[in-house]
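The chains referred to below are lettered A, B, ... by the order of the sequence lines, with proteins before strands, and numbering in each begins at 1. Quick note: numbers below take in every heavy atom, side chains included, and nothing from hydrogens, waters or symmetry partners.
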2 protein chains.
Amino acid sequence: MVKDRFADAIAPAEHDDGDIGAIKDILGFHIRLAHGACLRHFTETFTDLDLTQKQVSVLWLVDDHPGIAQTDLAQRLRMDRATTMAIINRLQAKHYLRRMRSDHDGRKQALHLDPAGVDVLAKAKTAIREHEAWLKARFSDKEVKLLLDLLARIHE
Amino acid sequence: MVKDRFADAIAPAEHDDGDIGAIKDILGFHIRLAHGACLRHFTETFTDLDLTQKQVSVLWLVDDHPGIAQTDLAQRLRMDRATTMAIINRLQAKHYLRRMRSDHDGRKQALHLDPAGVDVLAKAKTAIREHEAWLKARFSDKEVKLLLDLLARIHE
DNA sequence: TATATTTGTTTGCATAACATACAATCAAAG
DNA sequence: CTTTGATTGTATGTTATGCAAACAAATATA
């Protein structure tokens, strides 16, 4: 193991002792950093609207699929039921959406946007456009498509 | 049931009001989902070791740079000081590392791995290898390099 | 009918980001 | 030197999220 080198020196990947490479070579590490950078910029962009990524995603999906159930929402966003509950509760407390009992399945909650939710979603989409522009500024259109494809393979 | 979904849950998204595309076209959305999938698999892989991504990253960096200060660590991992504190505290409570006052700067904490930390890091690197294999299984070597490059552009 | 599954809910715990305030230390200016 | 300002670590509190476990209501299935 190479130790005690200068902090910013880049280690030549010379150790063929079966050991794993530097942390810089770990794909998961870069995914986490990229996500962090993305989240940070998102949060800045949405300070005025006071919405998180998850909350925007939920509003967006409820708008796209009026009457969607919490479980369906959870599956699409890869959340569990308890987490979904917390998010829906917060959005409902702000009167952005409401729960309505499903007609033909008493277990399900049919989610619908409230007027305030429609309003804030429109503003959110504008903010998302800015955020996406910031994110995509470093890529060509071809690279964006490529990145979308690669990322989709991870979460699908 | 298919019948239910038609009636209640999923409506064809018809309203293309000319603004932003579907949520599926949002790059940030896919980054978050990919990160979530990655984090979920990581957590499963590390249930026995009881370590998080952040904690492994910190152990790794402290091993690579013995005597590193918390601020330096924070900068490399894009965390703030308070968050770094919490993580260091947890690792110290497990006797994975220790704080030692820096010789030349009384403000800084020089971080060093304890024997238990060296031990658990070795196991962690094995687990990381598995995790990375799972992650990279869906890509060719060329695609991995490409993805690393694209992601680095986001967080650098 | 009896049993199993689904869905939502509640509670509790852990991680983590962030803000704020504070103390100790160091650096720089006078 | 002293004063001032910046850096570093620390303590505290808030918020968001994720997950597990337990429970109730409604539905599905044997």
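- In terms of modelled atom types and a separation under 3.5 Å, the side chain of His30(A) and the main chain of Lys24(A) share a donor-acceptor contact.
- Here dT7(D) presents its P atom at 16 Å from NE2 of His104(B), a figure rounded to the nearest Å.
- Taking both residues in full, the closest heavy atoms of Glu132(B) and Asp25(A) are given as OE1-O, 4.2 Å, listed atom of the first, atom of the second, then distance.
- Across the protein-nucleic acid pair, Asp80(B) atom CG and dT8(D) atom P stand 14 Å apart, rounded to whole Å.
- Donor-acceptor pairing under 3.5 Å is lacking for the side chains of Asp105(A) and Ser102(A).
- Within the 3.5 Å criterion, the main-chain N or O of Thr83(B) finds a donor-acceptor partner in the side chain of Asp80(B).
- With respect to the salt-bridge test (charged N to carboxylate O, under 4.0 angstrom), the residues Arg153(A) and Glu143(B) qualify.
- Looking at heavy-atom distances under 4.0 Å, Ile87(A) makes contact with sugar-phosphate atoms alone, never a base.
- Under 4.0 angstrom from either OP1 or OP2 of dA16(D) there lies at least one side-chain N or O belonging to Arg90(A).
- In this structure, Arg32(A) places its CZ atom 15 Å from P of dG18(D), rounding to the nearest Å.
- Taking atom NZ of residue Lys94(B) and atom C1' of nucleotide dA14(C), one finds them 11 Å apart after rounding to whole Å.
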Next on the checklist: Please encode protein proximity along nucleotides 5-11 of chain C as a string of B, S and -, counting only heavy-atom distances under 4.0 Å.
Outcome noted: BBBBBB-
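- Arg138(A) places a side-chain N or O within 3.5 Å of a backbone atom of Ile154(B) that can act as its donor or acceptor partner.
- Proximity of a side-chain donor or acceptor of Arg99(B) to a complementary backbone N or O of Gln109(B) within less than 3.5 Å is not detected.
- Rounded to whole Å, atom C1' of dG18(D) lies 15 Å from atom CZ of Phe42(B).
- Near DNA chain D, meaning a heavy atom under 4.0 Å away, the residues from residues 46-58 of chain A are Thr52(A), Lys54(A), Gln55(A).
- Using a 4.0 Å cut-off between charged side-chain N and carboxylate O, Asp72(A) and Lys108(A) make no salt bridge.
- We find that CG of Leu39(B) is positioned 11 Å from P of dA17(C), with the value rounded to whole Å.
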Identify each donor-acceptor pair in which a side-chain atom of residues 32-40 of chain A lies under 3.5 Å from a protein atom, sequence neighbours left out, and give them as a table.
from: Arg32(A); atom 1: NE; to: Gln53(B); atom 2: OE1; distance (Å): 3.2
from: Arg32(A); atom 1: NH2; to: Ser57(B); atom 2: OG; distance (Å): 2.8
from: His35(A); atom 1: ND1; to: His35(B); atom 2: ND1; distance (Å): 3.2

